[in-house]
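Below: the structure, in structure tokens.
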Amino acid sequence: THPFHHIAPKFEDYRGTAITCPFCRTGFVTASGVSHHLESGSCPQAKGLNRHRIHQAIRQLDPNGYVCKKQLAWYDEEDCTYEVTGSAYNGSYWVCYLCKKKFNSGKSLESHVNSPVHKEKVYHCLKRGCPKEFHSLAGLFNHLESESCGFIRFEGVQQVHKQLNDAMMGRRMITGF
């Protein structure tokens, strides 16, 4: 056998599951993981909570635009689910009519069109001068966790997540990070 052949430990083995869902107490490795859990409506203890409702709450608590993009107007996005029909199948792939991305199954395309990928980018990076914008909190936290703009170290993202979560749960204004 190859001397470097071994089973690599999972990411969780290094970081643990230190971030918990405030509703169901499920542990997550990353702030982006718990954010995706909530924004996708996957929490069994928070029925009806999704990306749209979370954004509404944050937008009300963030009048100075620390997290949300400043917008002249904000239009509620329809809270709906899209269903993929056979017309999206071209004989080889299931194709998104918006971005032309190809999928191997109708179920994969359905997940894609019901994800925030084609929704308005409503969040921005917390670092002044970083031009990155995001469709979801999960995307924002993923960006911060990657340390690509140097705003914060991975470990510090958990504290930012906690501050944001505490503001939302306590209905307190977001005053910066």
Side-chain angles (χ1 to χ4, degrees), residues 8-43 46 49-79 96 98-101 111-177:
K10 290 186 225 166
F11 183 68
E12 294 88 349
D13 296 338
Y14 294 112
R15 302 279 186 184
T17 52
I19 302 176
T20 58
C21 172
F23 301 101
C24 70
R25 310 312 294 168
T26 298
F28 292 86
V29 177
T30 61
S32 57
V34 73
S35 297
H36 177 72
H37 166 75
L38 294 170
E39 288 179 310
S40 66
S42 299
C43 181
L49 192 61
N50 57 27
R51 174 190 174 271
H52 176 74
R53 289 200 172 86
I54 290 170
H55 177 65
Q56 282 181 313
I58 291 175
R59 195 171 54 87
Q60 289 176 348
L61 299 172
D62 187 27
N64 295 313
Y66 291 110
V67 179
C68 296
K69 285 176 47 181
K70 292 218 177 207
Q71 299 166 299
L72 294 176
W74 184 73
Y75 300 97
D76 283 343
E77 295 173 336
E78 284 186 41
D79 219 3
C96 175
L98 293 170
C99 67
K100 307 303 182 218
K101 187 172 180 177
S111 291
H112 170 77
V113 296
N114 285 303
S115 77
V117 73
H118 294 299
K119 305 271 187 191
E120 182 179 0
K121 291 181 178 180
V122 293
Y123 300 107
H124 61 82
C125 180
L126 306 180
K127 181 180 180 181
R128 184 178 221 118
C130 179
K132 293 286 190 172
E133 297 179 345
F134 309 93
H135 305 282
S136 66
L137 273 181
L140 168 60
F141 282 120
N142 187 55
H143 169 73
L144 295 174
E145 289 161 351
S146 76
E147 301 180 16
S148 63
C149 73
F151 176 71
I152 196 167
R153 302 273 311 165
F154 180 91
E155 294 77 17
V157 179
Q158 292 183 35
Q159 186 57 38
V160 170
H161 183 270
K162 182 180 178 342
Q163 285 178 264
L164 190 56
N165 187 56
D166 289 350
M168 284 180 55
M169 298 302 276
R171 305 291 300 159
R172 290 188 309 274
M173 291 294 163
I174 298 167
T175 57
F177 296 97

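Because only heavy atoms are used, hydrogens play no part in the values below, and waters and symmetry mates are left out as well, while side chains stay in. Sequential numbering from 1 along the given sequence is applied to the chain's residues.
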At their closest point, which heavy atom of C149 faces which heavy atom of C125, and how far apart are they?
-> SG-SG, 3.6 Å
Please identify each residue that fulfils side chain to side chain donor-acceptor pair (under 3.5 Å) with E133, with sequence neighbours left out.
-> K69
Nearest heavy-atom neighbours spanning P63 and M173 | CD-SD, 3.6 Å
Rounded to the nearest 0.5 Å, what separation is found between the NE2 atom of H112 and the CG atom of L98?
-> 7.0 Å
Atom pair SG/CZ of C130 and F151 - distance to nearest 0.5 Å | 10.0 Å
Report the residues that fulfil side chain to side chain donor-acceptor pair (under 3.5 Å) with D166, sequence neighbours left out, ordered by chain and then residue number.
-> K162
Which heavy-atom pair separates Q163 from G176 by the least distance, and what is that distance?
-> NE2-O, 3.8 Å
Could you tell me which residues satisfy side chain to side chain donor-acceptor pair (under 3.5 Å) with R171, sequence neighbours excluded, listed by chain and number?
-> Q60
Between CG of D62 and CG of L164, what distance do you get to the nearest 0.5 Å?
-> 8.5 Å
Which is it for V29 and E145 under the side-chain contact (heavy atoms from CB on, under 4.5 Å) test, yes or no, and what are the steps along the way?
-> CA-CA 11 Å; V29 177; E145 289 161 351; over 6 Å; no
For H161, which residues count as a side chain to side chain donor-acceptor pair (under 3.5 Å) partner, sequence neighbours excluded?
-> none
Inter-residue atom distance E39.CD - R53.CZ, 0.5 Å rounding | 13.5 Å
Between N64 and Y66, is there a donor-acceptor pair closer than 3.5 Å when you use the side chain of the first and the backbone of the second?
-> no
With I152, which residues qualify under side-chain contact (heavy atoms from CB on, under 4.5 Å), at least two apart?
-> L144, V157, V160
Closest approach of C68 to Y123 (non-hydrogen atoms, all atoms of both residues) | SG-CE2, 4.0 Å
To the nearest 0.5 Å, what is the distance between NE2 (H37) and OG (S42)?
-> 6.5 Å
Between the NE2 atom in H55 and the NE2 atom in H52, the distance rounded to the nearest 0.5 Å is 9.0 Å
With sequence neighbours excluded, residues passing salt bridge (charged side-chain N to carboxylate O under 4.0 Å, His left out) with K127 = none
Between Q158 and I19, is there a donor-acceptor pair closer than 3.5 Å when you use the side chain of the first and the backbone of the second?
-> no
Could you name each residue pair satisfying salt bridge (Lys or Arg N to Asp or Glu O under 4.0 Å) that touches residues 18-33, not counting sequence neighbours?
-> none
Name all residues meeting the ring-ring contact (aromatic ring centres under 6.0 Å, His included) criterion together with H135; count only those two or more places apart in sequence or in a different chain, and write none if there are none.
-> none
With F134 via ring-ring contact (aromatic ring centres under 6.0 Å, His included) - residues at least two apart | H143
Side chain to side chain, V67 and L126, heavy atoms closer than 4.5 Å | yes
Please tell me if the side chains of I58 and L137 come closer than 4.5 Å, counting only heavy atoms from C-beta onward.
-> yes
Walk me through it: do S136 and H36 pass the test side-chain contact (heavy atoms from CB on, under 4.5 Å)?
-> CA-CA 8 Å; S136 66; H36 177 72; over 6 Å; no
Any side-chain heavy atom of M168 within less than 4.5 Å of one from I54?
-> yes
Distance-minimising heavy-atom pair for A167 and I174 | CB-CG1, 4.0 Å
Could I get the full list of side-chain contact (heavy atoms from CB on, under 4.5 Å) partners for S115, not counting sequence neighbours?
-> V117
Could I get the full list of side-chain contact (heavy atoms from CB on, under 4.5 Å) partners for M169, not counting sequence neighbours?
-> P22, F23, N165
Test side-chain contact (heavy atoms from CB on, under 4.5 Å) applied to R153 - qualifying residues, sequence neighbours left out = E147, E155
